[in-house]
Number of protein chains: 2
Amino acid sequence: MRTTLRDVARLAGVSPKTVSNVVNGYLHVRAETRVRVEEAIVTLNYRPNLSARNLRRGRTGVIALAVPELDVPYFAELARHLVAAADAHGWTVLVDQTDGVRERERQVIGGIRDQLIDGLVLSPLALTAADLAERTDATPMVLLGERIHHGPADHVLIDNVAAAREATAHLLELGRTRVAAIGAQRSAAGVTARMRLRGYRAALAAGGVGYDERLVASTPHFHRADGAAAMAELLDSGARPDAVFCFSDLLALGALRTLAERGLRVPDDVAVIGFDDIEDGRFSVPTLSTISPDKRRIAGCAVDLLHRQLLTGAAGHADADGGPQEVYADYRLIARESTGASVPPVPSLPAGFSASVSVSSAPSVSSVSPVPPTAP
Amino acid sequence: MRTTLRDVARLAGVSPKTVSNVVNGYLHVRAETRVRVEEAIVTLNYRPNLSARNLRRGRTGVIALAVPELDVPYFAELARHLVAAADAHGWTVLVDQTDGVRERERQVIGGIRDQLIDGLVLSPLALTAADLAERTDATPMVLLGERIHHGPADHVLIDNVAAAREATAHLLELGRTRVAAIGAQRSAAGVTARMRLRGYRAALAAGGVGYDERLVASTPHFHRADGAAAMAELLDSGARPDAVFCFSDLLALGALRTLAERGLRVPDDVAVIGFDDIEDGRFSVPTLSTISPDKRRIAGCAVDLLHRQLLTGAAGHADADGGPQEVYADYRLIARESTGASVPPVPSLPAGFSASVSVSSAPSVSSVSPVPPTAP
DNA sequence: TTGAAAGCGCTAACAC
DNA sequence: GTGTTAGCGCTTTCAA
């Protein structure tokens, strides 16, 4: 049998309450008593039962992170930062994988694991505003990404329209005129894709370049295989792109692959830019230009928002501030070889240090701005 | 206040026990009663308190996965499979990130979260056999990888020596004579690296090729940056390799990057093979030959072993079978462009389907063999 | 500064 | 089939 607090109390000759005080760092315990208790704890190798503590305290010290796929590098990197941020608050992270399936996402917000978790960070893909409105579970929740923009929940996101506009503008500045886009999505789930498409079109308009539907490729997902297939389609269609803005780095890596197979040079024949700044793009051949969202910040904000919700007792949003929070995280454009930036020496730096050249950074986007910096 | 089982019982006009029976799917409940209870549950939006249930049952339905880094693709892919396998057993996965730091790994096996988890799957990097021997926590545990080969715990691993031998032999079969190795490690943590080096040397010996120390590059980690730096070193050293066996795919991707920068052709000038079969290698330029461990199987076995330990009540191993289990998972060699395999058409298949050509598979390695297939 | 008693919400025994 | 009783291990009143 496992040793309990009572066992310790018995051995130390004190009451359970005193042991509890010692364990929880309560200050007003006589030094002598404290030592006796601590010795007993060591002797018996006592460790508190967290289930019991949770039951009593009504909190568990665990938060859940729900993402579509753990092995998509963007989510993996995000998860890493979230685990670190949660750690700082004394939280452990429990991971849910939704596969982007609406029903699973509904279950997650419905409280499948409520009372086992203090909070939830969800990166939704298929969830609708209605699903969210139906939610009755009171567990604090933070949504990641643009999916349900003005829904009744705290959000952490980046300005996808502005970022996409910048990426596209970067290609136009190279003098390219037939700029393609890969990653458009018509499904209800494609909110992020639609924002990026809007930014793409805005940049074209600003650059005085006409919008050509044939240069826009839709993809079911944002994976490498989708990017490779879409690039092949674009090339076969006779649309003759001389640059491509891919809505994710994975799409871009797939596109690079197809271009290499077709014997096209990057960036000479076709310039390529992605979105996400995953580690792969720093070592691909050629290295990949991209939009780099501040993932550390996104994770940090999500955890902070959760924390605030717990303090104010609000569910899904911080009422004290008059409604759900929308926090905008920074991003920046990173130009690498795929858009003609010079070859940096191979970095022997630890991962996380970018050896690339930052050509431009977001126009003073406040990370806590309550309104999107993009004009409506 | 949250609704409790008592509230439901009151509304349905039954005892708490009956509600409990319904919730837990106990069979011998009158249909009429069951319906009444279920209605009450819906009306009150009742959801059981897991902390209370856990306290009572002594189990939590949660297992922990501890890996060095969540954003290393191999671990991310493994995590994905583990979440899926755990799901099938009704378990939720809680993720710990150790950063490969020994102290954190010790904490993990020491039971930081015991009584919050039913079991632990650990992929150790720095843990020693002594650390393991000191362990007093009784939580079921399964170790992944080769770190503490004959330690007192269940293991799931692959035959690293044989796999490395095959990878190296594959390079020799191409007619290469100056086959380099990247990823050697002298530190205590480098057990996996040492097994792979052994396989490399064995293949050289079998192929009648002399061992040349100058062709072996050590790296602190198995990351892209390490591979890139090591490849640069090898090229600068005048060792003139015409092939490289990298101990991980990330190392190999880094090496490919350096080779591209130096204007060397792969595989013409230098053939490259990696280890892990991460998704990146299926789309890199060129695509990467590799050793592919059966990750789904590894995850599945780990969960099964945990399950068995829970049933037998053993801690860290299945006593019923006379000691800790060592389960060997399959692997196979996948030849792609980096060792001269023909270019497959770009797959438009969903991720997870390899479009590559399997040139050879492991020599009938049983996945449940209790002894390593490699000769001692 | 410490102790005694109560109870968090649930389920395992055992009664009926 | 269903109810009663007890208690999982902890923290939280409230007294002493």
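Only this structure's heavy atoms are used, side chains among them; waters, hydrogens and symmetry mates stay out. All values reported here derive from a predicted model rather than from experimental measurement. Naming convention: chains lettered A, B, ... in sequence-line order (proteins, then strands); numbering from 1 in each chain.
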Pairing residues for [X] by the side-chain contact (heavy atoms from CB on, under 4.5 Å) criterion, not counting sequence neighbours:
X: A:Glu39; answer: A:Val35
X: A:Ser15; answer: A:Lys17, A:Thr18
X: B:Arg30; answer: B:Glu32, B:Thr33
X: B:Ala12; answer: B:Val14, B:Val37, B:Ala40

In Å, rounded to the nearest 0.5 Å, how long is the span from CG of B:Leu144 to CG of B:Leu122?
-> 8.0 Å
Numerically ordered, the residues 42-59 of chain A set in heavy-atom contact under 4.0 Å with DNA chain C is A:Leu55, A:Arg56
Got a sec? Which of residues 21-33 of chain A come in under 4.0 Å of DNA chain D, heavy atoms?
->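 Going residue by residue through residues 21-33 of chain A, the ones with a heavy atom under 4.0 Å of DNA chain D turn out to be A:Asn24.
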As a check of understanding: the bend across the helix from C:dT1-D:dA16 to C:dC16-D:dG1, end axes from five pairs, rounded to 10 degrees, works out to 30°
Would you say D:dT11 has OP1 or OP2 under 4.0 Å from some side-chain N or O of A:Ser20?
->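 True: A:Ser20 side-chain N/O within range (under 4.0 Å) of D:dT11 OP1/OP2.
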Indicate whether OP1 or OP2 belonging to C:dG3 is found under 4.0 Å from a side-chain N or O atom of A:Ser15.
-> yes
Pairs touching residues 40-62 of chain B that satisfy salt bridge (Lys or Arg N to Asp or Glu O under 4.0 Å), sequence neighbours left out =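 Those involving residues 40-62 of chain B are A:Asp114-B:Arg47, A:Asp137-B:Arg47.
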Taking side-chain hydrogen bond (donor to acceptor under 3.5 Å, both in side chains) as the test, write out the residues that go with A:Asp118, two or more places apart.
-> A:Thr60, A:Trp91
For A:Arg34, check side-chain hydrogen bond (donor to acceptor under 3.5 Å, both in side chains) against everything at least two apart and list the hits.
->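 A:Arg34 satisfies side-chain hydrogen bond (donor to acceptor under 3.5 Å, both in side chains) with no other residue.
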Can you tell me if B:Glu77 uses its side chain to pair, donor with acceptor, with the backbone of B:Lys295 under 3.5 Å?
->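 No, the answer is negative, given that no donor and acceptor are paired below the 3.5 Å cut-off.
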Backbone N/O of A:Met141 and side chain of A:Gln309: donor-acceptor pair under 3.5 Å =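 Side chain of A:Gln309 to backbone of A:Met141, a donor-acceptor pair under 3.5 Å: yes, one is there.
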Measure the distance from CG on B:Leu5 to P on C:dG7 and round it to the nearest whole Å.
->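 Distance, rounded to whole Å: 18 Å.
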How close or far is atom P of D:dT2 from atom CZ of B:Arg10, stated in whole angstroms?
-> 20 Å
Answer yes or no: are there more than 12 heavy-atom neighbours, outside A:Arg104 itself, under 6.0 Å from its atom CZ?
->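 Above 12, so yes.
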Polar-atom pairs under 3.5 Å, protein N or O versus N or O of nucleotides 14-16 of chain C: list them with distances, or write none.
none

Is it true that A:Asp304 and A:Arg297 make a salt bridge, defined as a side-chain N closer than 4.0 Å to a carboxylate O?
->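 Between A:Arg297 and A:Asp304 there is no salt bridge, as every charged N stays at least 4.0 Å from the carboxylate O atoms.
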Taken in chain and number order and not counting sequence neighbours, the residues that satisfy ring pair (Phe, Tyr, Trp, His ring centres under 6.0 Å) with B:His81 are none
